[in-house]
Amino acid sequence: QVREYANKNNFKLFIVHRLDRETSGLVMFAKSERMKMLFQDNWNELVSKRGYYAITEGIFSKKEDKVVTYLKENALNLMYIAAPKDPKAKRCVTSYKDIKENEKYSLLDVEIFSGRKNQIRVTLGSLGHYVLGDDKYGEPANPINRLCLHAYELDIKNPITGKVYKLKAPIPSDFNELMKNPDFEKAKKPSK
């Protein structure tokens, strides 16, 4: 849809940041390479919030927390929790708040304060609550045929004007359906 919009309006788009391939939600583009670079070069100073919805296995005993971990990548390009003193480990900070639960799953509002690869998936998994559909870091249920992680908010300051934009994407309807009915299963796609 984005490429189609750019082609229709005769301009090129430059991707400013990325999400894990399996994650849905907000992705920011710039209309010029200069703006892309201004955002990327000052990303941590410009971004004031990165919010995600995640549906995980089980019910959290601690309904809200800020978790500090250290992540490191292995030879298979998978992230794992490492010792804080490991010189190759990178510090990451993740907060979560349980906003809804049913007898099987928890819907979390997650905010990241460092943008590490697979940060949310590894952090929540280390707490024993894998993100649904995440066969990379666990073997949780996959009732809606996708990773239950959605980037819903990005608050970012324009590097030229200083204006702060609060970009939002609504929660996916299948997330709501699953939280209302924990036995909900989206029809499985036929295998080829």
Trainee: May I ask you to decide if Thr23's main-chain N or O and Asp20's side chain share a donor-acceptor pair within less than 3.5 Å?
Mentor: no
Trainee: For the side-chain hydrogen bond (donor to acceptor under 3.5 Å, both in side chains) test, which of Lys166, Arg50, Lys49 pairs with Glu153?
Mentor: Lys49
Trainee: So with a 6.0 Å cut-off around NZ of Lys168, is the heavy-atom count from everything else above 12?
Mentor: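 Counting neighbours around NZ of Lys168, 12 or fewer heavy atoms of other residues, nucleotides or ligands fall under 6.0 Å, so no.
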Trainee: Between Thr94 and Glu111, do the side chains contain an N or O donor and an N or O acceptor separated by less than 3.5 Å?
Mentor: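 No donor-acceptor contact under 3.5 Å links the two side chains.
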Trainee: Closer than 3.5 angstrom, by distance alone: can the side chain of Ser126 be matched with the main-chain N or O of Thr123 as a donor-acceptor pair?
Mentor: yes
Trainee: Would you find more than 12 non-hydrogen atoms of other residues, nucleotides or ligands less than 6.0 Å from Glu45 atom CD?
Mentor: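 Above 12, so yes.
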Trainee: Could Glu57 and Lys104 be called an ion pair, given the rule that one side-chain N must be under 4.0 Å from one carboxylate O?
Mentor: no
Trainee: Answer yes or no: is there a side-chain heavy-atom contact under 4.5 Å between Pro140 and Val131?
Mentor: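 No, too far: nothing below the 4.5 Å cut-off.
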Trainee: If you measure from the Lys or Arg side-chain nitrogens to the Asp or Glu carboxylate oxygens, is any gap between Glu101 and Lys63 under 4.0 Å?
Mentor: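 Lys63 and Glu101: salt-bridged.
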Trainee: Is it the case that atom NZ in Lys36 sees more than 12 heavy atoms from other parts of the structure closer than 6.0 Å?
Mentor: yes
Trainee: Measure the OH-OH distance between Tyr152 and Tyr52 for me, rounded to the nearest 0.5 Å.
Mentor: 11.0 Å
Trainee: Quick check against the 3.5 Å criterion: does Glu177 have a side-chain atom that pairs as donor or acceptor with the backbone of Asp174?
Mentor: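 Between the backbone of Asp174 and the side chain of Glu177 there is no qualifying donor-acceptor contact (under 3.5 Å).
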Trainee: Which value, rounded to the nearest 0.5 Å, describes the distance between Ser114 atom OG and Lys90 atom NZ?
Mentor: 10.5 Å
Trainee: Is there a continuous path of hydrophobic side-chain contacts, each under 4.5 Å between heavy atoms, that joins Val93 to Ile81?
Mentor: no
Trainee: Given the side-chain rings of Tyr96 and Phe60, with only the six-membered ring counted for Trp, is the space between their centroids under 6.0 Å?
Mentor: yes
